[in-house]
S.K.: 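My questions will all concern the structure given below.
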Protein chains: 2
Amino acid sequence: MARVRKTVTIRGVAEEAGVSLQTVSRVINGGPNVRPQLREKVQAAIDRLGYVPSLAAQRMSGSRSYIILAINDRERTLADWRDRMGTDWVDQMLLGGILTCSKHGYRMMVELVDTHSDHVERELGAALSALQPDGVILTPPHSENPLITDLLAHRGIPFARIGSDAPGAGIRLTMGDAGAAHLATSRLAELGHRRIAMIAGPAQYSLSGWRIEGWRRALVEAGLPHEGLLEVGDFGYDSGARAARVLLDRNPDCTAIIASSDQMALAALEVARERGLDVPRDLSLISFDNTPIVRFTQPPLTAIDQPIAETVSRAVEQLIARSPETDDSAVIEIAAALVERASTAPAPAKTPDHG
Amino acid sequence: MARVRKTVTIRGVAEEAGVSLQTVSRVINGGPNVRPQLREKVQAAIDRLGYVPSLAAQRMSGSRSYIILAINDRERTLADWRDRMGTDWVDQMLLGGILTCSKHGYRMMVELVDTHSDHVERELGAALSALQPDGVILTPPHSENPLITDLLAHRGIPFARIGSDAPGAGIRLTMGDAGAAHLATSRLAELGHRRIAMIAGPAQYSLSGWRIEGWRRALVEAGLPHEGLLEVGDFGYDSGARAARVLLDRNPDCTAIIASSDQMALAALEVARERGLDVPRDLSLISFDNTPIVRFTQPPLTAIDQPIAETVSRAVEQLIARSPETDDSAVIEIAAALVERASTAPAPAKTPDHG
DNA sequence: ATTCCGTTTGTGAACGATCACAATTTGGGG
DNA sequence: CCCCAAATTGTGATCGTTCACAAACGGAAT
């Protein structure tokens, strides 16, 4: 019969060290006003007993919960998982979040919430009541949903909004979407492309607008046209295929496409293949996201790498360091980078043969 | 000044419904012996106030924590994340875990732990003390680490071991590795392949052995040789490349390879390309895992789909339903499936030209 | 010495729920 | 109509920690 060792509590430590509970508590939390000698003694007792404070008890006694809650879109996440498309957002959020949280003694929890459903508030409210997180990280499109941001603001829970610069409460972080799109477009212009199309994301995402803006600005700067070169998808494969077809039908002289998601880029690649267009000889392709799959396509895709992990990491640090009334006016921007692979090349010397 | 609504507690509900705390508690937990009429009244009060019990308080008062902890290998996970290889294990664990947990009012938390480090026990012990989870899910190689399983058994925390059939405490679940390898090998034999090689995983994973066993058995049944056709890798790309080179050097007449991970299969694909071998004309390839990337390689890979999500889901259900002393003797097996894509084809009519 | 003030340590209450048990109600049989 | 057991409801005590505040300590200024 394995004697189950009784849980070590702060009381056990106090007895072991011969001090009061409060003193142990001070040592745990790095409180001030403890003589170094005593602190060491208590710390030794903690180590000897292998004591770790109970998160539940800490939370109960009015202190922090040491939990950061990351909210993701349920529908998209589940669809991606089920289709085995991978969920780079979740992966990268965890990478950035777990590491940074654990560095500060926090933990990260992932919650899936339906944006569109009319019980967002109930769902999220339940999670908040149950978990009582010290901070919440909102990804698009939740970061732009006033129902959600209002709820959090009203409850007084610090939160970070990724991919939204709409004014209002909350720390705001963006990944330089306009700049990234501008960079990608300029690069294509440098390579001699004259008709550079874009497959954008849906309008309800602010970042869709920013990317369009960056693309358009780069075209204007390069003296290139943009009429008829914009199509909108929903980030998914099918919408990307449709958009690519429309784009190529309408613009036989189009030699480059920027897609606002990897899946849409993949679709464009397939459409090009269908039509006998070689990538990158006849058509250059740049995608947004840089998820694992685009490294293994034929050819590997040039892509804009979204620094999700770093952004989430920054968000976590902001939330943890947060004093109740900090200034949220600034938008923190983490720049995205362009990863050049084999799907981009100089524009063909002449218009591709059409006859 | 946004008036921050005071948190609704069980006391508020009790007052609203005009009953005692205990009665509300009974309603929350679906306890017996509450008259339907009263139950409804209390439920109405709960709904009206939007009350949700605090997890921390529930845990404090000796009840469950409603948390399931999933342990993953830190090293591998971080490497995969950083290399942007995707982490299908984590993805699929979350898919299966989060959904099943939330169905039962539980939550899932992911913890990364170093298997090899000598402070496994301290790390895991800290997590257990802090979180006090109601159950733990162990993935390979943790599921086979006696330090970990002993720790959990000693603490009396129910746990599930995925990919281990070693006797001992804990619910055991496997994904039919032997059967899957047998299936893949038989399929290749049916296609006329005579020399079917395997790139196995490291020996410290039981599942590596099972896969080898399934492969060997299928070969024996088909009257085919297996000498010199086995190489061992570490699941990573580089080791796969090395193994593929050794295998092809040693067996110029080898026409099919089964790799024990997608990354090793990808490496084999690249090695084949280097050597001018066409996949699948000259060489058939089957991989284990079926992560997102193998659908987009050229050609898309035939792969064994590991039912991770379903396995984790089953594990969660077992853990939740667990009574302190249930029988752990049976091993639950969730069968893997073979997804046929374009990397497998009938064996070439003759030995590939070699000269 | 004495006083004072800042530093260090200790004490009881509180957090929000459940547990064990006590009190009350209910429903049938005698 | 009474009594008893079962069903229903209520009452402290309790979990492990921090909070607010009180007490003891120590050194410098008086």
Side-chain angles (χ1 to χ4, degrees), chain A residues 4-43 45-46 49-67 105 126 128-132 134 324, chain B residues 4-43 45-46 49-67 105 126 128-134:
Chain A
V4 175
R5 187 185 38 158
K6 194 96 175 61
T7 311
V8 180
T9 80
I10 198 174
R11 170 163 285 114
V13 177
E15 281 168 11
E16 175 86 6
V19 298
S20 73
L21 303 186
Q22 183 59 28
T23 302
V24 179
S25 176
R26 286 197 184 95
V27 173
I28 296 167
N29 300 309
N33 302 340
V34 180
R35 265 187 314 195
Q37 187 189 345
L38 228 201
R39 186 184 295 275
E40 269 177 38
K41 192 166 139 196
V42 172
Q43 188 59 54
I46 290 176
L49 267 47
Y51 165 75
V52 176
S54 150
L55 270 192
Q58 292 194 124
R59 167 63 256 190
M60 273 299 292
S61 54
S63 126
R64 288 170 288 190
S65 64
Y66 296 101
I67 287 178
L128 295 178
S129 299
L131 258 27
Q132 297 167 280
D134 291 339
Chain B
V4 176
R5 188 186 37 158
K6 195 97 174 57
T7 312
V8 181
T9 82
I10 198 174
R11 171 163 283 113
V13 177
E15 281 169 11
E16 174 85 6
V19 299
S20 74
L21 304 185
Q22 184 59 27
T23 303
V24 179
S25 176
R26 287 197 184 94
V27 172
I28 296 167
N29 299 309
N33 301 340
V34 180
R35 266 185 311 195
Q37 187 188 344
L38 227 203
R39 187 184 294 275
E40 270 177 38
K41 193 165 137 195
V42 173
Q43 188 59 55
I46 290 176
L49 268 46
Y51 165 76
V52 176
S54 150
L55 271 190
Q58 290 193 125
R59 168 62 259 191
M60 272 300 293
S61 51
S63 124
R64 288 170 288 191
S65 65
Y66 296 101
I67 288 179
L128 295 178
S129 299
L131 257 28
Q132 297 167 281
D134 290 340

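From a predicted model like this one, the values you see are computed outputs, not experimental measurements. Per chain, numbering begins at 1; letters A, B, ... match sequence-line order.
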S.K.: For the side chain of B:S61, starting at C-beta, report the closest nucleotide among D:dT17, D:dC15, C:dG10.
M.R.: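 Side chain of B:S61 sits closest to D:dC15.
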
S.K.: Figure out the CG/P separation between A:L21 and D:dA20, and round it to whole Å.
M.R.: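 It is 17 Å, rounded to the nearest whole Å.
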
S.K.: Return the CZ to CG distance between A:R64 and A:L55, rounded to the nearest 0.5 Å.
M.R.: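 So the CZ of A:R64 and the CG of A:L55 are separated by 11.5 Å.
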
S.K.: Atom CD of B:Q58 and atom CG of B:N29: how far apart are they, to the nearest 0.5 Å?
M.R.: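 Between B:Q58 CD and B:N29 CG, I get 6.0 Å after rounding to 0.5 Å.
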
S.K.: If you only use heavy atoms from C-beta on, which nucleotide in D:dT18, C:dG10, C:dT18 is closest to the side chain of B:I10?
M.R.: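 Taking heavy atoms from C-beta onward, the closest nucleotide is C:dT18.
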
S.K.: Please round to the nearest 0.5 Å and tell me the distance separating atom OG of B:S54 and atom CE of B:M60.
M.R.: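 B:S54 OG to B:M60 CE: 10.0 Å, rounded to 0.5 Å.
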
S.K.: Decide side-chain contact (heavy atoms from CB on, under 4.5 Å) for B:S25 and B:I10; before the verdict, give the C-alpha distance in whole Å, the side-chain angles of both, and the deciding distance to 0.1 Å.
M.R.: CA-CA 8 Å; B:S25 176; B:I10 198 174; 4.0 Å; yes

S.K.: DNA chain D: B:V34 or B:M60, which has the more 5' nearest nucleotide?
M.R.: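 Checking each residue's closest nucleotide, the 5'-ward one belongs to B:V34.
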
S.K.: Measure CD1/B:I28 against C1'/C:dG16 and give the value in whole Å, please.
M.R.: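 It is 10 Å, rounded to the nearest whole Å.
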
S.K.: Where do N or O atoms of nucleotides 21-24 of chain D meet protein N or O atoms at under 3.5 Å, pair by pair?
M.R.:
none

S.K.: Check the phosphate of C:dG16 against B:S54, side-chain N and O only, distance under 4.0 Å to OP1 or OP2. Yes or no?
M.R.: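 False: B:S54 side-chain N/O out of range (4.0 Å or more) of C:dG16 OP1/OP2.
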
S.K.: Take atom CG of A:N33 and atom P of D:dG26, then tell me their distance rounded to the nearest Å.
M.R.: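 Rounding to the nearest Å, CG of A:N33 and P of D:dG26 are 15 Å apart.
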
S.K.: Please tell me which of the listed nucleotides, C:dA17, D:dT18, D:dT17, lies nearest to the side chain of A:Y51?
M.R.: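 Comparing C:dA17, D:dT18, D:dT17 against the side chain of A:Y51, the answer is D:dT17.
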
S.K.: Nearest 0.5 Å, what's the CD1-CG distance between B:I28 and B:L21?
M.R.: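 Rounded to the nearest 0.5 Å, the CD1-CG separation comes to 9.5 Å.
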
S.K.: Quickly work out the B:R35 CZ to C:dT26 P distance and round it to whole Å.
M.R.: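 Nearest whole value for this atom pair: 6 Å.
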
S.K.: OH of B:Y66 versus P of C:dA17: gap in Å, rounded?
M.R.: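 For the pair B:Y66 OH and C:dA17 P, the rounded distance is 12 Å.
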
S.K.: What integer distance in Å separates A:R11:CZ from D:dT18:C1'?
M.R.: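 Result: 13 Å.
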
S.K.: When the distance from CG of A:L38 to P of D:dC25 is rounded to whole Å, what number comes out?
M.R.: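 The answer, rounded to whole Å, is 14 Å.
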
S.K.: How many angstroms lie between OG1 in A:T23 and CG in A:N33, if you round to the nearest 0.5 Å?
M.R.: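 Output value for this atom pair is 11.0 Å.
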
S.K.: Starting at atom CG of B:L55, determine the distance to atom P of C:dA17, rounded to an integer number of angstrom.
M.R.: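 Checked: the CG to P distance equals 10 Å.
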
S.K.: Any chance you could measure A:E40, atom CD, to A:R35, atom CZ, to the nearest 0.5 Å?
M.R.: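 It comes to 12.5 Å.
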
S.K.: Which is more 5' along DNA chain C, the nucleotide nearest A:V19 or the one nearest B:T9? Just name the residue.
M.R.: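 Taking each residue's closest nucleotide, the earlier one in sequence belongs to A:V19.
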
S.K.: Select one nucleotide: of C:dG10, C:dC19, D:dT18, the one nearest the side-chain heavy atoms of A:T23.
M.R.: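 Selected nucleotide (nearest to the side chain): C:dG10.
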
